[in-house]
Undergrad: 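The structure is given below, and queries will be raised subsequently.
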Amino acid sequence: MLTMKLITEQYDRVIAGLNKKHFNNAKEAIDAVIAKDQERRATQKELDENLAKSNQLAKSIGALMKEGKKAEAETAKAEVAELKTASKALDEKKAALEEEIVKMLCQIPNIPYDEVPEGSCAEDNWVVKSNLKECVIGKDTVGNWDTNPDYPNAKLPHWELAKNLNLIDFDLGVKITGAGFPVYRGLGARLQRALINFFLAEASKAGYEEIMPPTVVNQASGYGTGQLPDKEGQMYHCEVDDFYLIPTAEVPVTNIYRDVIIDEAQLPIKNCAYTQCFRREAGSYGKDVRGLNRLHEFSKIEIVRIDTPEHSAESHKEMLAHVEGLLQKLGLPYRILRLCGGDQSFTSAICYDFEVYSAAQKRWLEVSSVSNFDTYQANRLKCRYRKSADKKIELCHTLNGSALALPRIVASIMEDYQQADGTIKVPEALVPYMGVDVIK
RNA sequence: GGAAAGAUGCCAGAGUGGUCGAAUGGACCGCACUCGAAAUGCGGCAAGCGGGUCACACUGCUUCCAGGGUUCGAAUCCCUGUCUUUCCGCCA
């Protein structure tokens, strides 16, 4: 959530930012929260004065008792009792106000950075880079794939290839669990393991410490990274213990830094984690959920960084380069989008999406979002750092990105590397991890 | 699942009703000593929310797992919850 400090000190900038994010009634929401905050301050002031008085009286009662001035002590006692009643009411009022303010702040999204494009939907995103010459920078153009000599015309969708080569059994997953829980087998299963190992090895080379966190988290963690309370319906919930299955490793890994103060010398913190991710995906349907396009359970390697405000932009660039490097090493056709204000996630200040091209589906599949959350997430997490220079404490910047999510990468590898004889060539970078160079 | 013990600052660990935001030790920071270092000595060393200030200074309140309660006054007493550890049972 945004800090009250930012809202009050940079009022105009916040309003403008929210408008860019296409957040409705920005001014009303901001004005309302400012008014509440003022009320909160006034209440606290009154409460503090009350408590100060009763603290003093309580001390004096002790002294009076010692001196044997019983009558005076009794008068003071009565006065304290009165103050106490008043304090209790004020305290409750203050708590209620604080809760309301947090609630209001949680409904206000992060404000985008200046370099975030204007726009309201996916069409307004900027294509900033691609390894395809057909892909026009700054415009959503796929190019003519059927005539590209590097990607021959015989294109089966990955779900057919997976069936033909006995790599993934979607029906079996339905039997065991339900739709969206595929069973990988044989070389299909090994491809999963190969990708996980490849991605972790690359992250490790880039200096990320590997974390293997729990994939089930408590409520506090869900709140910390903002999945709760709003996106509760998107997570699987274990009601008996009140735990949630994680939708991304971001949740447990970022929550490592909840309520901590980090020495500046430790920054930037670089973590990576492979986990299974669980998403209910309520409301999805159609071609979006075909095959591997959208699953309820999938594997993902996430990279997370905690950094200073001065260095976070640099960190973000490094993360973008890392993810791009993975796609290059896998030899997949990709493009990088800088998301416009309206299409960005609620919490990000700036976000780039990476998409790979699915040759058979003739569509781009999102495989990574790499975001800088500025202090938005850190504020809710209370993730702060102590500056080396003046020892002051400030909010960190948090960043994360997928590096990478497996299913769509698998789809794209299958489709883009399929050969005329129905087999799939293994991307060179994966051969050491696969042990074979063709899937047949 | 049954039983017991415990939860205090960055860490260890005192503290059983006021003078306790909290002894002591360690870590850390500053200064002194030193050519430098070690050792030693002196000083500092929690966070949150307010007031105040250009910014400091200064200052009020809150916080000793969480939430309730007793009391004029709670780290300290009572209740509830959570978590941790140990033992027993079960078990990959």
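Not measured: the values here are computed from a predicted model. Residue numbers begin at 1 in each chain, while the letters A, B, ... track the order of the sequences.
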Undergrad: Select base, sugar-phosphate, or nothing to describe what Ala52(A) touches, counting heavy atoms under 4.0 Å on all strands.
TA: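 Here Ala52(A) touches the backbone only, sparing every base.
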
Undergrad: On RNA chain B, nearest-nucleotide positions of Ala58(A) versus Ala76(A): which is more 5'?
TA: Ala58(A)

Undergrad: With a 4.0 Å cut-off on heavy atoms, is Asn55(A) in touch with a base, just the backbone sugar-phosphate, or nothing at all?
TA: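 Sugar-phosphate, backbone atoms only, no base.
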
Undergrad: Check every strand shown and say whether Lys387(A) touches a base, only sugar-phosphate, or nothing at a heavy-atom separation below 4.0 Å.
TA: nothing

Undergrad: Let me confirm one number: the CD-CD1 distance from Glu355(A) to Ile336(A), rounded to the nearest 0.5 Å.
TA: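 Answer rounded to 0.5 Å: 10.5 Å.
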
Undergrad: Answer yes or no on whether Lys270(A) is positioned over the face of Tyr208(A), meaning its NZ or CZ is under 6.0 Å from the six-membered ring centre and within 45° of the axis.
TA: yes

Undergrad: Nearest to the side chain of Arg40(A), which nucleotide is it out of rG51(B), rC72(B), rC49(B)?
TA: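 Comparing rG51(B), rC72(B), rC49(B) against the side chain of Arg40(A), the answer is rC49(B).
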
Undergrad: I'd like the C1' distance from rC58(B) over to rC42(B), given in whole Å.
TA: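 That atom pair is separated by 26 Å.
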
Undergrad: Please determine if Lys36(A) and Glu100(A) form a salt bridge, counting it only when a charged side-chain N lies under 4.0 Å from a carboxylate O.
TA: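 Here Lys36(A) pairs with Glu100(A) in a salt bridge, since their nearest N and O are under 4.0 Å apart.
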
Undergrad: In whole angstrom, what separates Leu47(A)'s CG from rC61(B)'s P?
TA: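 So the two atoms are 11 Å apart, to the nearest Å.
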
Undergrad: Could you tell me which nucleotide pairs with rG6(B) by Watson-Crick or G-U wobble geometry, both distances under 3.5 Å, or answer none if nothing does?
TA: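 By the stated definition (distances under 3.5 Å), rC83(B) pairs with rG6(B).
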
Undergrad: Please confirm whether the shortest side-chain N or O distance from Arg41(A) to OP1 or OP2 of rG51(B) is below 4.0 Å.
TA: yes

Undergrad: Say we look at rC72(B) and rG13(B): how far apart would their C1' atoms be, to the nearest angstrom?
TA: 33 Å

Undergrad: Could you tell me the separation between the NZ atom of Lys84(A) and the C1' atom of rA74(B), rounded to a whole number of Å?
TA: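 Spelled out: NZ on Lys84(A) to C1' on rA74(B) is 11 Å.
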
Undergrad: Starting at NZ of Lys77(A) and ending at C1' of rC72(B), how long is that distance when rounded to a whole Å?
TA: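 Value for this atom pair: 6 Å.
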
Undergrad: Give a yes/no answer on whether the side chain of Lys53(A) brings an N or O atom under 4.0 Å of OP1 or OP2 in rC72(B).
TA: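 False: Lys53(A) side-chain N/O out of range (4.0 Å or more) of rC72(B) OP1/OP2.
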
Undergrad: For rA23(B) versus rG15(B), give the span between their C1' atoms, rounded off to a whole number of Å.
TA: 8 Å

Undergrad: In whole Å, measure the gap between the C1' atoms of rU76(B) and rU8(B) for me.
TA: 11 Å

Undergrad: Provide, to the nearest angstrom, the distance between the CD atom belonging to Glu49(A) and the P atom belonging to rC61(B).
TA: 11 Å

Undergrad: How long is the line joining CG of Leu57(A) and C1' of rG73(B), in whole Å?
TA: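 Those two atoms, CG and C1', are 11 Å apart.
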
Undergrad: In terms of side-chain geometry, is the basic nitrogen of Lys163(A) or Glu160(A) positioned less than 4.0 Å from the acidic oxygen of its partner?
TA: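 Salt bridge between Lys163(A) and Glu160(A), a charged N being under 4.0 Å from a carboxylate O: no.
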
Undergrad: When the nearest nucleotide of RNA chain B is assigned to Met4(A) and to Arg386(A) on a heavy-atom basis, which residue is associated with the more 5' position?
TA: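 Whichever sits nearer the 5' end wins; that is Arg386(A).
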
Undergrad: Specify the separation, in whole Å, of atom CD of Glu98(A) and atom P of rC61(B).
TA: 17 Å

Undergrad: Out of rG69(B), rG60(B), rC72(B), which nucleotide sits closest to the side chain of Asp48(A)?
TA: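 Ranking rG69(B), rG60(B), rC72(B) by closest atom to the Asp48(A) side chain puts rG60(B) first.
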
Undergrad: Taking 4.0 angstrom as the limit, do Arg40(A) and Asp37(A) come out as a salt bridge?
TA: yes

